[in-house]
Amino acid sequence: MGEADAAAGVPPAQILLARDPGAGWTLVHLDATGAETRRETASEPDVAGRVAYWERLCAPRWVVRSLREIYPPLLAEGVRLRRAHDLLLCHAILRDTALLPRPLTASSAWRRVDPVDPAPQALFELGSTGETAPAGADHLLAQWGAQLEALSRAPDARLDLLCRAESTGALVAEEMTAAGLPWDRAAHERILEETLGPRPVAGGRPVRMAELAQRVGDLLGDPEVPIDSPPRLLRALHRAGILVESTSRWELASEEHPAIEPLLAYKKLARLHTANGWTWLREWVREGRFRPVYLTGGVVTGRWASSGGGALQIPRGLRAAVRADEGWVFVLADVAQLEPRVLAAMSQDRSMADAAQGADLYEGVVRSGAVATREEAKYAVLGAMYGSTTGESGRLVPRLRKVFPRAMALVDDAARIGEDGGVVSTLLGRSSPLPDAGWRAAQSRASDVDAGGADERRARSRARDRGRFTRNFVVQGTAAEWSLLWLAEIRHRLSSFPAAEVPVRASGPVFERAAHLAFFLHDEVIVHCPQEQAEEAAEAVRAAATAATSRLFPGFEIEVPLDLRIAEHAGKGP
DNA sequence: TCGTCATGCGCG
DNA sequence: AAAGCGCGCATGACGA
């Protein structure tokens with residue numbers, strides 16, 4: 001086979017790529033209607049080459065079982081896919097969606113199991129993703145057919161958009177893992193030494209921590225204070241007359257004792273040392289890159305989770321260690337108050353959308369007259385989305401009902417449905433899971449004739465818990481959809497950027513030599529690009545946000561402003 | 001000594 | 001013990 005392929009007929013619109021039960025691979029060519037036009041096989045060493053060939057020729061939609069399984073080895077061979085459909089991710093969406101009266105039939109073979117071993121996968125080796133593995137092209141074809149059939153019954157294009165966005169997100173995720181986040185080991189070590197003191201030899205306690213532990217011991221009159229064990233520390237605090245109920249920071253902060261200040265300082269340093277200290281650096285940073293594994297669809301709401309190195313919890317104070325390559329810069333962008341803006345738009349609440357005009361939604365809420373100060377606006381809005389009923393926040397929420405009735409009705413309805421054991425959905429149709437057996441058991445126990453007050457209280461409490469979950473699900477999940485669209489639009493725009501004149505690392509992936517996405521965290525992105533492309537990349541990120549907004553909320557005016565800057569590192573200062 | 005659970009804290 | 005959502009991870013406690 002070769003160039004004659006192109007002449008042999010119409011290029012395939014889609015190619016289903018399946019690992020055979022034996023050793024090889026099958027490429028099933030499909031036309032735009034989904035009909036099979038041709039089938040070819042490829043041996044393990046040839047498959048990347050065949051994929052690259054067809055990708056170059058006609059950029060088909062690659063239909064695969066799981067991009068997390070097949071894309072990393074392709075990227076390692078320098079093969080980048082433009083479009084794909086991830087059957088595993090879309091199975092979960094189409095199986096659970098409440099937008100279809102008759103959703104996709106669930107199949108245990110397509111149930112996704114969380115990875116147990118985040119170790120890098122060997123080339124095309126199965127198993128390390130921890131997922132069950134239905135074999136063969138025909139099995140995949142049957143599932144693809146079922147998913148297309150389900151999509152064809154959808155009342156509108158939203159589910160199709162969601163499946164496309166989810167799949168493109170999976171492409172982005174693997175590309176970002178392959179590229180990695182540029183990480184300056186020396187800068188990280190400087191931060192550690194400035195805060196903790198010199199790197200301790202033989203795994204001892206860093207000097208600054210040791211000094212603080214000593215001071216805490218002296219001030220408590222307990223030189224051997226077990227500072228690292230919360231239960232024992234709690235008893236030690238009690239012996240010293242500090243009658244707290246836990247050792248958490250918030251409770252300690254309200255105490256007057258002189259030992260509190262060094263204790264809190266110790267906890268801060270201990271956190272840095274254990275979570276992102278020298279051990280972390282050695283384990284997670286290789287060749288100037290931190291490579292998080294993104295688990296797309298890893299959260300029920302559609303947010304991404306991550307595995308390894310606490311990728312989504314990099315402390316703000318450490319972001320100065322995120323440094324662009326020589327001659328390159330970052331475009332750093334995050335959305336200001338994404339979730340309330342999404343709520344305003346999805347509920348078509350014109351008054352809330354008006355309050356969202358400008359860079360600060362909370363100031364807009366103050367202007368609306370609902371509350372007096374920005375701080376109150378923040379508590380009220382967060383309380384509305386999270387379901388506060390008590391305290392300052394709970395007190396302020398009712399004021400929003402008067403000013404933003406549609407937005408509040410949307411979240412209040414979602415909460416009520418959740419309390420009743422029902423299912424809620426995001427704007428594009430990702431639906432919440434049904435209550436589990438324990439929840440249902442608690443509810444039915446409470447309605448028994450001989451149910452006690454404790455049973456009823458427990459059932460009410462669990463019902464309200466679930467109400468807060470579904471209340472937040474619709475907002476968090478739709479915000480995640482906005483972010484997926486944003487990512488996809490950024491990727492699309494960056495794909496036409498020229499490669500840099502001088503490769504960053506000759507051995508690196510192809511796309512890493514051009515402007516590329518390097519990090520994503522719910523509502524923020526980092527693009528890594530040659531310095532001379534920075535303005536253009538920034539414009540791409542802005543234009544992508546505008547495009548995401550109009551695709552998700554067609555016909556509804558809502559501002560989704562970005563905080564965007566171009567810098568050589570991701571830290572706050574210069 | 002192993003696996004599981006609870007705690008506490010980092011991120012949005 | 002943060003009020004109110006979603007996560008991951010290191011640690012110590014505890015039961016087997």
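Every chain is numbered from 1, with letters handed out A, B, ... down the list of sequences.
Judged by distance alone, with hydrogens and angles left aside, the side-chain atoms of A/R303 form no donor-acceptor pair with the main-chain N or O of A/A480 at under 3.5 Å. The backbone N or O of A/G467 lies less than 3.5 Å from no partner atom in the side chain of A/E419, so there is not a single donor-acceptor pair. Listed for the A/T97 side chain is no donor-acceptor partner under 3.5 Å among the backbone atoms of A/L94. Distance alone, capped at 3.5 Å, places no donor-acceptor pair between the A/R374 side chain and the A/E363 backbone.
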*Worked verdict on A/V293 versus A/S306 for side chain to side chain contact (heavy atoms under 4.5 Å, CB included)*: CA-CA 6 Å; A/V293 174; A/S306 74; over 6 Å; no

*asked:* Please evaluate residues A/Q337 and A/D523 with respect to the criterion side-chain hydrogen bond (donor to acceptor under 3.5 Å, both in side chains), reporting the C-alpha separation (whole Å), side-chain torsions for both, the decisive distance (0.1 Å), and the verdict.
replied: CA-CA 9 Å; A/Q337 304 120 12; A/D523 63 358; over 6 Å; no

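Counting any heavy atom pair closer than 4.0 Å across all strands shown, A/N276 reaches no nucleic acid atom. Contact annotation for A/R468: backbone-only contact, meaning every heavy-atom pair under 4.0 Å involves sugar-phosphate atoms and none involves a base. No contact: A/L338 has no heavy atom under 4.0 Å from any strand. The residue A/S229 sits close only to the backbone: its heavy atoms come under 4.0 Å of sugar-phosphate atoms, none of a base. Residue A/E339 is out of contact with every strand shown, counting any heavy-atom pair closer than 4.0 Å. A/G310 comes within contact range of the sugar-phosphate backbone alone, with a heavy-atom separation under 4.0 Å but no base atom that close. Among the protein residues, A/A305 comes within range of the sugar-phosphate backbone only, with heavy atoms under 4.0 Å from sugar or phosphate atoms but none that close to a base. Residue contacts shown for A/R319 are limited to sugar-phosphate atoms, with no base heavy atom under 4.0 Å away.
To the nearest angstrom, C1' of C/dG12 lies 9 Å from CZ of A/R232. The separation between A/Y294 atom OH and C/dG8 atom C1' is 14 Å, rounded to whole Å. Here the P atom of nucleotide C/dA3 and the CZ atom of A/R464 are 15 Å apart, to the nearest Å. Atom-to-atom, CZ of A/R271 to P of C/dG8 comes out at 14 Å; the value is rounded to the nearest Å. Rounded to whole Å, atom P of C/dA10 lies 14 Å from atom CG of A/L281. When the P atom of C/dA3 is taken as reference, atom CZ of A/R471 falls 16 Å away, rounded to whole Å. The separation between A/F290 atom CZ and C/dG8 atom P is 14 Å, rounded to whole Å. In this structure, A/I314 atom CD1 and C/dC9 atom P are separated by 12 Å, rounded to whole Å.
Contact check, A/T389 against C/dA3: no side-chain N or O comes under 4.0 Å of OP1 or OP2. For the OP1/OP2 pair of C/dC7 and a distance below 4.0 Å, the side-chain nitrogens and oxygens of A/S306 include no atom meeting the criterion. For the OP1/OP2 pair of C/dC7 and a distance below 4.0 Å, the side-chain nitrogens and oxygens of A/R303 include no atom meeting the criterion.
Separation of the P atoms belonging to B/dC5 and C/dG4 is 25 Å when rounded to the nearest angstrom. Comparing C/dA3 with B/dT4, their P atoms are spaced 29 Å from each other, to the whole Å. C/dA1 and B/dG8 have their C1' atoms separated by 12 Å, given to the nearest Å.
A donor-acceptor contact under 3.5 Å links the side chain of A/Y379 to the base of C/dA3. For A/Q313 against C/dG8, a side-chain-to-base donor-acceptor contact under 3.5 Å is present.
Between A/L427 atom CG and A/E481 atom CD the span is 6.5 Å, to the nearest 0.5 Å.
The side chain of A/T274 has C/dT11 as its nearest neighbour among C/dT11, C/dC5, C/dG8.
In this pair, A/W280 and A/H188 present their aromatic rings tilted. The plane angle is within the 30 to 60° band.
Annotation: A/F520 is not in aromatic contact with A/W486 [ring centroid separation under 6.0 Å not met].
A cation-pi arrangement is found for A/R466 relative to A/W439, the charged atom lying closer than 6.0 Å to the ring centre and inside a 45° cone about the ring normal.
For DNA chain B, the outermost nucleotides in 5' to 3' order that have an atom under 4.0 Å from a heavy atom of chain A are B/dG8 to B/dG12.
Less than 4.0 Å separates DNA chain B from at least one heavy atom of each of the following residues of residues 234-251 of chain A: A/S246, A/T247, A/S248, A/R249.
If you check C/dG4 for Watson-Crick or wobble pairing at under 3.5 angstrom, you find it has no partner at all.
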